[in-house]
Structures are given as C-alpha cells and as structure tokens.
2 protein chains.
Amino acid sequence: MSTKKRPVPSSDKLDAIRALVGDKGVFEGADAAAFLSEWRGRWPGEASLIVAPASTEEVAAVVKYCNENDIAITPQGGNTGLVGGQIPFGDEILLSLKRMRKIRAIEPLNNTMTVDAGVTLAEAQEAAKQAGRLFPLSIGSEGTCQIGGVISTNAGGVNVLRYGNTRDLVLGLEAVTPSGDIWRGLKRLRKDNTGYDLKQLLIGGEGTLGIVTGAVLKLFPVPAEKITICAGLKSAEDAVRLLSLAQGATGGMTSSFELMARLCIDLVLKHIPQTRDPLSEQYPWYVLAEFSSGQKSGLRETVETMLGDALEQGLIADAVIAENETHAHDFWRIRHSISEAINGEGLGARHDVSVATSDIPAFLEKADAAVLNLSPGARFASFGHIGDGNVHYDILGPEGSSADVLEPVRPQIESAVYDVIGAFSGSISAEHGVGRHRRDTLAKRKSAVELEMMRAIKRALDPKGIMNPGKML
Amino acid sequence: MSTKKRPVPSSDKLDAIRALVGDKGVFEGADAAAFLSEWRGRWPGEASLIVAPASTEEVAAVVKYCNENDIAITPQGGNTGLVGGQIPFGDEILLSLKRMRKIRAIEPLNNTMTVDAGVTLAEAQEAAKQAGRLFPLSIGSEGTCQIGGVISTNAGGVNVLRYGNTRDLVLGLEAVTPSGDIWRGLKRLRKDNTGYDLKQLLIGGEGTLGIVTGAVLKLFPVPAEKITICAGLKSAEDAVRLLSLAQGATGGMTSSFELMARLCIDLVLKHIPQTRDPLSEQYPWYVLAEFSSGQKSGLRETVETMLGDALEQGLIADAVIAENETHAHDFWRIRHSISEAINGEGLGARHDVSVATSDIPAFLEKADAAVLNLSPGARFASFGHIGDGNVHYDILGPEGSSADVLEPVRPQIESAVYDVIGAFSGSISAEHGVGRHRRDTLAKRKSAVELEMMRAIKRALDPKGIMNPGKML
C-alpha cells in the first residue's frame, strides 16, 4: 500500500496536468491498459491519469504542478520491471517516458552516448553499434525496457562480470527533482570530484527521488574475437575455482560466466522445443562462459590452454568450445530458456539473491538443506551469473507433483532462504530491485541504521513524498 | 572558515573524549604537529584535541559524544590530501584513523579484501599481491595515504582508464554516521539492488557525512604481460585519436594513457637529475601508455601492430616500446617527476580539471588563448591522464621570469580556466576534491539545483553539522 493515502486528485487538477502535456501526451480509455498491466499479470494497477510528456521541460512542469498540489507520481519506463515498481496504486498519476526517445549525441572518441530516458535498451545498443562501439548492457527485456527504467533499477544482466552493472555504465544524468527542478547533470566525464555523486542516488533509486529524463552512457570498443564455451562439472565449488582460473588466464576478458544445475538443462530439454544437450554426457553442474578480446587473435589458444589446465586439475569433466556463432547461440539459448522452462514445470519458489562468489557453494548447501526441511523432495533449478555471485535460486516441487504444490509453503521457503542469505551477508535482491514486491521484506531485513539513512535522504529530497510512494521504502 | 562558529569545547568535555580512547589514543604537544601541518605548508591547522581511536566502536563512541555535545570533528587519514580537507580550523577535534590498520580478510576466490580505514594504500597493494591478486589503485602518495582517505576523496591515479576510480573499486563500507551509529555495510557483493547505494555518498564525501572505518575492496588478476610505450606526436588531437586506436586494438587492455607537453619533458630534464629524453628527436607532445594482459603472450605483437598502424595513419611521429622493466621505469620516472620539476621552475598556476576526452584539444586551445590574454608569454606544462579526460593544466611564467611572476594574476587565470571548463561542461576538480581550497569556487560554479540537493543531503544526515565543517559545502 501507498505510504500516505492521498485523495484522488480533482478533475480540475487533472485537467491542469493534461494541459501541460497536450492531447498527444494523455493516454486514456483503451490506451491506458498497457501502462497499468504488469507483464505477468501481477499487481494490476490503477492511476488517476496517465501522461507521457514530450520533453524534459514538460516532465518538470508536471512534477512541479504535482508537488505544489500534493499529487503523487509513478514514473514508468518500458513497464518490464519485475517487482512492480512501475505500477501505481490508484491515487498517483502515471508518468511515462515513452515519448522521449532521442539519441541526443554519440561521441566515439569520448566513448560516450547521450540519450533520452525513453530510448529502449536495444535502440541504445544499436546506436552504439552504428558508431563502431559497444554498449554492453544486455538483459532479457532489452527490446522493450527503456534507459530511464534500466537506470532507475540499476539493471544487471549477462555482461556484468566484465562491464559492470548499469551503475558502472552511467557517466551523467539529467533528472527532474521532486520539486520539479531540472538537474542538468549530463556530464561526459570520467573524473569529477566536486561534491557528492548525486547520480548514484537516482541510479537504482526506483523513481523515489526524482525522474531520470536523460543519461550519458559509457561505450566500449567492439570485441574482435569472442569465444563461448560450455563445461560440465561435478560441483559448484569447482565452478568457482574454474572462474578464478579463467579470470587469471584471460585477464579482463572473461565477460560472462554462468552456472546451471543439471535440472535446468533437463527442464529446458523437456519444455523448450529444438534444444539439445550441450555435452555428450550429463554432469551435475554446467558452466556457460564467454570470453571476448579486442585483439584479433590469440584468444582461442588462451582459452584452450586454460581448459586443458582445468581438465588436468580435475575442475571440469568435459568442455566444448563453440565452433561458430550458431553453436554459441545454441548454448545461450539453453541459458536464456531456463526461466521459461521452469515456468513450464510449475509455479515454484524463485529468488534473485547474491552472496560473495566464493560463498556460493556453501550458500547452496545450506539453503538446499533449509528448503528440504520445509519441503522434502523439492528440486533445485539453481542458475545464474556466478561471476557476480548472483544466483537465481529457483525451487520446484518433487518430480510429478502438481504445479502449485509449493504455494502453501512458499512464504516459509522464502523466509528460510533469506535467513541463509542474511547469514552470508548476501542480498535478497541482487538484480531485480525492491518495488512493491520486496518492500516489506526490506523493512524487516535491512539494518535500522541503513533504513534510517535511506529514509532521511528520501525526506530531504522529497519532503512531500510524491515520488513513487509505496515503493522500496 | 567553518560554517558555524563553535566555542572551543570545555576541558571537561575534552577529558571525556580522552577517556573514550585512552592514553594511547591521544596525541598532544610535539606529537600533534604532524597532524596539523599540511604537507606543503599550506593551511596550517589547529584542533582542540587530537584523538586516534583503536576500533570502530571507539570511533562511534567519540562521534556520539561529539554529536550530543555539538563538538565538530575533522577526520584525517594519511594527511596527504591536496585541498586541505583533512586540516581542522581550530574548534574541531581531529580524529585520525591511523591506529586502525588491520587487513581484516582477503578472499582471492571472491576477488575481495576487507581492510581497516587506516591501512595505507601501499599496504593494501602489498596484501593483495601476497594473495596473488592486484589492487590496481596507484597514486603518488600511496606509501602514506590511507584507504579511508582514499575513499573519502575518491582518489584516481594512473590506472583509472582500465580499473576505474576508487568509487569503482569499493564493494562495501563500514562507517560511523554523524550521530555515532555504526553502519555495517561491509558487503562483498557485486550485485545488490536493495535500496539507495549509500556507500556512494561517503565515497568522495570528504568526511562530511560520516567517518569511513573499514572497506571491502575489489581485487583483480595480476597481469601476466605488461607493455609500456612512449610516443612522440605533433598534436593533442592525434593523442586522442591514438587512444581510440589503442583501445580498439587492445580491447580492455589499455591501462594507462598519459599525455605530456614537450615543456614537461624539458623541465624534467632541467630539474630532475639522471633523466634523459625518452625519444631521439623532440616532439610537441608525448604519450606514455601502458598495456597489460592476463594472457602470457601476444600483447607485444598487438601493440607493435597498433603502433605500425598509428605511424601509417600519421598519428605518431615516433614510438619506442620499453625493452625491459628499467626502461619502462625510466619512462614513468619522467611522468612522475613532472610535478616536482614544475615546482623547481616556479610557483605557476596549477589546475586539476577534466573534460570529455574528445574535447581535450579544443579545451587546451581555448584555455591557452584565455591565459595568454592575461599573461603574455606564459608557458604551458600540460600533462595528465588523457584517457580519463583529466588534464593537470599547469601554467608557468615566461622563460627566465621570476618564480612568482604569475602570483598577481593567478586568481584571474584560474577564473579564466574555469570559465573555459564551464563552457565544455567539465570539472574544476577532476581528482583532488574540494576541501577548503575549492569550497568557495564550488559554491559559485555548481548549479543551484545540485548545490541544494547536496545541502539537503548534508542537513538530513548531519543535522548538527558536526562532520568536517567548512569543507566542500
């Protein structure tokens, strides 16, 4: 629920807001549905008005009016968020950035690109490519999600190991503050020590401290050589050691390092057509790794030598280097189909958690035990970005059980998993954020000191609490 | 001057603070001098008491007492700061972290290290090395500066191009808040989206929002091959193009890329014994670059090919690859001696600024013209981390003039340079911070919106204004 229950704004006030954005900026009736439905059907939304300003100045005018009239705002990007942060409760207006979609500038010699918040991630990737550069952020929803949303949720994805989270890829921001001022922070600088790094509050701020309207993004050289491998292993511990070996042997060139339990492969083969086992034998664990280099040659030999060492040290049982793009694509298709395959098997209990990479084996052992205690026979489809310590810790009922068998114990399972995460000083939301979904859990599990610092900042920057109330805090 | 003039604390209150840290934690008489003298003799300091707590708990006890009794605190690390942020005005107590110097944990498999704030940068580097890892931060004062200070100033240095600023190298923080609470944020996670990233406020916060007592630092594989080159160029513009070529050819492996005007070389040869011209001919500009790779071979060939391409494209006139460590050391000695050589030549007017890398040539042209307008015959010893857009823009009087010839026009020169920086949306303090030195300049040149956001955060987290008053804000 929203922190502070507000009256629905009067129709006079809503008309005043309509006037600020013009007819093209108002979405009503049938046009409203797409903004209010969460893509998996969770958290159906309500809003007193839906507007999509065409410019930063229009965003500022709307926010200023709302601040003066105590009207709450839920900002929305591509509406692909996984925790309901983009869905209003009813007394807010919904402010979409979808009409702000200009690539403002690309400067290859500075390795930067300046874009409107409403540009989709795929459009940003493509613009970088056209300029002979790489924008490395890559997530499942990239065709739809928008840069403003990606920034507000600090999106992660499969290239974090080498290029970092969204936070690491943003040099400057333009944003509208809760009072309706425009903060023109579109710096294209790699070094700037002149005060608090304010953009960091908006990155991952889930729209609770202001609305991102534009950003300067870091670009990188396009890799000249890319090698994809799939390896079979006997334990998650060996996967952690393989990662260390791979990073040592290739320096900064290990760009993805994904772990998958055998059950993930089984479910993909069962539920996803035209997939095949990546290796000739079956193993308890699989690693899908990608290496990329600016150099035109030498990488394959380096990776081959590394895999030879890994075999010799007993870290892997088998490994295949993708022979071509299609072969690499087949490996990645398995990885990217896991979520859908798990959906096909049952509702399950799913978690997006992180621990120190070196703690992953111990976390899995302790968490598995805690879950089996609550649900004997439960099956573990653990997978994730092990190079970032990020495990998608997904649990299914016993083989052959009904799809919703875990529903009655799901809250207890979640609580038990988060207890184990707490013992490892891990995160209960590694990538997906807090939003509505994990707000109560956060309030329970975050330290009082940290919560109070967060609340003090929220009160200081948004004293009326109009920005995305009921989310995160 | 301090923002709020406080009375010097009563001797009863000072005794109460002494009791919190014990005799070993109090520095008086002759022992006090080292804390109060800025290392270049600027900003002589005064403090009502100097304490060095032995633990986070002791830091918290002192801060809590100070908060309750409205006593201001200047935190101090290795006292190597360049903007006087570490030097108290007189009514504060000085709180040194020097007695907190434990390496708390090193986890090579997680590529992390947890350290006390008082560990020196060199000790942190050495501890990483002993564990077979690299902590890449490297700055001139590394033998003395402490991790807490390095974090509070977001130090940069020569490896930022590849590894980032201090901000990019910190995964977690432990800090004492202005109210004396301990924030236990020593996360060892690469992904954590559970609320505002509070550590970012303390990183580069110059001790105005709390005292860093411990940190989790990122470690990296030790490079297996390192290549150092020196190239002669006809223009700064060619240097920017060479950087782009080098980054494209070597991917992420360009770790340093330093630009030096010929005058820098001349001054080093004149003032620093046992140095020699790096190339056989003289050129208007020089680039000193370093490439490092985790792979055991192949890098030299890649760099050679890249330099061949650069020669062919006319970007460089000559280049030498260091034949061994001694040769590379000679190149770096020139770079690291520039500051001292400039000191030997005269007082000058020195600036630590940044612009977009691609704007460096235009910035130099416009700034040079503005300076020559104020001081005909001025000489430009520009150098810096061009890969980060960071120029140490240092100006000397005409050849043969007295050492202090620029002193009367120094404020006007600074103002003119900062005007040009403003026109390029650059930073007036790329690396060194604000402290006392640039506080007034910041207040004049930062946007009202941004200043107000900073002040709101300061008021929210430190309502009594006890943390390092008179610095930054």
Side-chain angles (χ1 to χ4, degrees), chain A residues 107 109-110 154 156 165 168 177 181 183-184 187-198 200-201 204-205 221 223 240 244 247-252 293-295 298 302 354 356-358 388-390 425-431 433-434 442 447 449-450 453-454 456-457 459-461 472, chain B residues 107 109-110 154 156 165 168 177 181 183-184 187-198 200-201 204-205 221 223 240 244 247-252 293-295 298 302 354 356-358 388-390 425 427-434 442 447 449-450 453-454 456-457 459-461 472:
Chain A
E107 294 165 296
L109 283 180
N110 194 42
N154 186 30
N165 293 290
D168 304 297
T177 70
D181 291 315
W183 172 43
R184 301 191 189 278
K187 295 215 169 162
R188 303 164 303 145
L189 310 175
R190 281 174 163 74
K191 284 187 180 171
D192 177 25
N193 278 344
T194 57
Y196 308 141
D197 193 353
L198 297 172
Q200 304 288 351
L201 286 173
V240 171
S244 179
Q247 287 185 304
T250 67
S293 167
Q295 294 181 244
T302 302
S354 69
T357 298
S358 46
D388 318 314
N390 181 190
S425 302
S427 171
I428 61 163
S429 189
E431 289 194 318
V434 181
L442 191 79
S447 81
V449 172
E450 194 163 346
M453 283 168 78
M454 285 174 58
I457 289 165
R459 285 192 300 267
L461 297 182
M472 183 195 289
Chain B
E107 294 164 298
L109 283 181
N110 193 42
N154 185 30
N165 294 290
D168 304 297
T177 71
D181 291 316
W183 172 43
R184 301 190 189 277
K187 295 215 169 161
R188 302 164 302 145
L189 309 175
R190 282 175 162 75
K191 284 186 179 171
D192 177 25
N193 278 344
T194 56
Y196 309 140
D197 192 355
L198 297 171
Q200 304 288 351
L201 286 172
V240 171
S244 179
Q247 287 185 304
T250 67
S293 167
Q295 294 181 243
T302 301
S354 69
T357 299
S358 47
D388 317 315
N390 181 192
S425 302
S427 172
I428 62 164
S429 189
E431 290 194 318
H432 300 164
V434 181
L442 190 80
S447 81
V449 172
E450 195 163 345
M453 283 167 78
M454 285 172 58
I457 290 164
R459 284 191 301 267
L461 297 182
M472 185 196 289

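- Contacts between A:Glu431 and chain B at a heavy-atom distance below 4.5 Å involve backbone atoms as well as side-chain atoms.
- Using a 4.5 Å cut-off between heavy atoms, A:Leu201 touches chain B through backbone and side chain atoms alike.
- When atom types are taken as modelled, the side chain of B:Asn193 and the backbone of A:Ser427 share no donor-acceptor pair closer than 3.5 angstrom.
- Proximity of B:Leu109 to A:Thr357: side-chain heavy atoms (C-beta onward) are nowhere separated by under 4.5 Å.
- Not counting sequence neighbours, the partners of B:Pro221 by the side chain to side chain contact (heavy atoms under 4.5 Å, CB included) test are A:Gln247.
- Only the backbone of A:Ser425 comes within contact range of chain B, judged by heavy atoms closer than 4.5 Å.
- Residue contact with chain B, scored on non-hydrogen atoms closer than 4.5 Å, involves the backbone and the side chain of A:Asn154 alike.
- Scored by the salt bridge (charged side-chain N to carboxylate O under 4.0 Å, His left out) test, A:Asp181 finds A:Lys64 as partners (sequence neighbours excluded).
- Looking at A:Asp192, both its backbone and its side chain come within 4.5 Å of chain B, counting heavy atoms on both sides.
- Side chains of A:Met472 and B:Tyr196 form a contact here, defined as non-hydrogen atoms less than 4.5 Å apart.
- Of the possible donor and acceptor atoms, one in the side chain of A:Ser354 sits under 3.5 Å from a partner among the backbone N and O of B:Lys191.
- A:Asp168 places no side-chain N or O within donor-acceptor distance of the main-chain N or O of B:Asp168, the cut-off being under 3.5 Å.
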